[in-house]
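Worth saying up front: this structure is predicted, and the values here are computed from it rather than measured. What's counted below: heavy atoms across the whole structure, side chains too, no hydrogens, waters or symmetry copies. Residues: numbered from 1 along the sequence shown.
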Amino acid sequence: DTRHTMQYEAAADEDGEDVDLIDAQISDIRSVFVNNNSNSLQQQQQQQQHVHCRSLNLHCNYLSHLHGLPFVLPNLAELNLSSNYFTSIDIPQLASACMPSLRNLDLSGNKVSSLLYLPFLPGLEELHVAFNQLDSLQGIQDGAPNLLLLDARGNLIADENEVSAPLTSLLQLISLKISGNLLSTQ
């Protein structure tokens, strides 16, 4: 239903000043796709809940943080932060207080080097961290205990213990994508 989907392109006013792209007054949006935006997500409005938004796609927006995300997304199931500039997975806005229904998180194609500070996301079922700078999966077991799918292809993992040890407590994991790492086959 296109009336519940919003798609934004990068925007600037005539003087080149940033233009706010997310209207915190819209309460019934179900899906938001923000494309090629070098602007900030900050707004000077009070935090609002967007109860109908189930999918937020911020792919390729030059983002390195989500500071100032102007709303709580209690029913957000999918968040795509792929192909941005995140260097850390320590993103407080991902906490279950802001996004308690988050099931699918895509951080592929960023510069994340560690999963140690992954916020506790008990409902997270899919985590995509392919093509980052990870040398270990340590931290995944604490942040995403109910993970079903983990895509960690194309990282810098060279020691199989950095994979096997964290995964031993992920009892529900049914799909692991780990190809393209530095793991030896000895």
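Remark: side-chain polar atoms of S101 are not paired, donor with acceptor, to backbone N or O of A77 under 3.5 angstrom. The main-chain N or O of D106 is never found under 3.5 Å from a side-chain atom of D151 such that the two would form a donor-acceptor pair. Between the N181 side chain and the L183 main chain, no donor and acceptor come within less than 3.5 Å of each other. Within the 3.5 Å criterion, the main-chain N or O of S169 finds no donor-acceptor partner in the side chain of Q141. No donor-acceptor pair closer than 3.5 Å links the side chain of N84 to the backbone N or O of F86. Checking side-chain atoms of N61 against main-chain N and O of L63 turns up no donor-acceptor pair under 3.5 Å.
Under the 3.5 Å distance criterion, with hydrogens and angles disregarded, a donor-acceptor pair is assigned to the side chains of S136 and E162.
Of the residues L167, L137, N155, the one that meets the side chain to side chain contact (heavy atoms under 4.5 Å, CB included) test with I178 is L137.
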List the atom pairs, with distances to 0.1 Å, where a side-chain N or O of residues 116-132 and a protein N or O form a donor-acceptor pair under 3.5 Å, not counting sequence neighbours.
from : atom 1 : to   : atom 2 : distance (Å)
E126 : OE1    : N104 : ND2    : 3.0
E126 : OE1    : H128 : NE2    : 3.1
N132 : OD1    : N110 : N      : 3.2
N132 : OD1    : K111 : N      : 3.2
N132 : OD1    : V112 : N      : 2.9
N132 : ND2    : L107 : O      : 3.0
N132 : ND2    : V129 : O      : 3.0
N132 : ND2    : A130 : O      : 3.3

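Between L147 and L150, the shortest heavy-atom distance links the atoms CD2-CB, 4.0 Å. Of all heavy-atom pairs between M99 and L94, the closest is SD-CD2, 4.1 Å. Scanning both residues, C53 and S55, for their nearest heavy atoms gives SG-O, 3.5 Å.
Hydrophobic cluster membership differs between L79 and L149, with clusters built from Ile, Leu, Val, Met, Phe, Trp and Tyr side chains linked at under 4.5 angstrom.
L66 has its side chain within reach of L58: a pair of non-hydrogen atoms, C-beta onward, lies under 4.5 Å apart.
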